[in-house]
Each structure stands twice: as structure tokens, then as C-alpha cells.
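First the structure, in the form of C-alpha cells, and then the observations on it.
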Amino acid sequence: TFTISNLGAVGGAYSTPIINLPEVAILLLGRARWMPVVRDGEIVTRFMLPLSLSYDHRLVDGATAARFLNEVIGYLQSPGRLLLAG
């Protein structure tokens, strides 16, 4: 199974989710907030959502998990992509 959990509701920002049987992976969303980031050599503020992904390495390859998380990030940055996916 795959679980999605939300730490942000209680004010947390970052955490390491722990998988429990029968989970294979868990995606944890932290609290979204405005943070300074560097874009094109300038400091700007962006609305950032911390994501944490834990998975069972016996079943999921690390590169596959990283690609999955990058896909999630891509959909969060451009939700319109969900309409075009297929």
C-alpha cells in the first residue's frame, strides 16, 4: 500500500515518515509557507511545500522513488499537466 499523510495540519514543516506493514511507501506533506529562494541569481519569495518520501528499499529502487517524487513536484507546480497526462 501507499500512504499520503499531512504533517502541516499540526504546524510541522519537516519530518521523516516511517513506513508500517503493509505499506511500501509513505508521502508526507509538511506545512506550506513563503520562503526565500534563489531564482536566476536573485532572492525571491516562493510558496514552498516540503515533501518527504519514505519507502521500502527491498521493493522500491531509489532512482524510481526519486523520479516519482519529481513527477509529484511537477504536477504540484503545474496542475494543468494533470489534464494532459495520459
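Below, each value reflects all heavy atoms present in this structure, side chains not excepted, and no hydrogens, waters or symmetry copies.
The distance from atom CG of L28 to atom CG of N6, rounded to the nearest 0.5 Å, is 7.5 Å. Separating the CG atom in N20 from the OG atom in S54 is a distance of 10.5 Å, to the nearest 0.5 Å. To the nearest 0.5 Å, atoms CG (L69) and OG1 (T64) are separated by 12.5 Å. In this structure, CD1 on I26 lies 9.5 Å from CG on L53, to the nearest 0.5 angstrom. In this structure, CG on L76 lies 7.5 Å from CD1 on I73, to the nearest 0.5 angstrom.
Taking every heavy atom of both residues into account, G30 and L49 meet most closely at O-CD1, 3.3 Å. Of all heavy-atom pairs between Y55 and A65, the closest is CE2-CB, 3.4 Å.
No side-chain heavy atom of R31 sits under 4.5 Å from any side-chain heavy atom of L7. The closest side-chain heavy-atom distance from V37 to T45 is not below 4.5 Å. In this structure the side chain of R46 never reaches within 4.5 angstrom of the side chain of R33, judged on heavy atoms. Contact check for L27 versus S52: no side-chain heavy atoms found under the 4.5 Å cut-off.
Cluster membership check: V24 shares its hydrophobic cluster with F2, using side-chain heavy-atom separations under 4.5 Å among Ile, Leu, Val, Met, Phe, Trp and Tyr. L59 and L21 fall into different hydrophobic clusters, defined by Ile, Leu, Val, Met, Phe, Trp and Tyr side-chain heavy atoms under 4.5 Å apart, directly or through other members.
Residues E23 and T1 bring no donor and acceptor atom of their side chains to less than 3.5 Å of each other.
Using cut-offs of 30° and 60° for the angle between ring planes, the W34 and F47 rings count as tilted.
Without hydrogens or angle criteria, E42 side chain to R39 main chain gives no donor-acceptor distance under 3.5 Å.
Other residues, nucleotides and ligands contribute at most 12 non-hydrogen atoms within 6.0 Å of the CD1 atom of I43.
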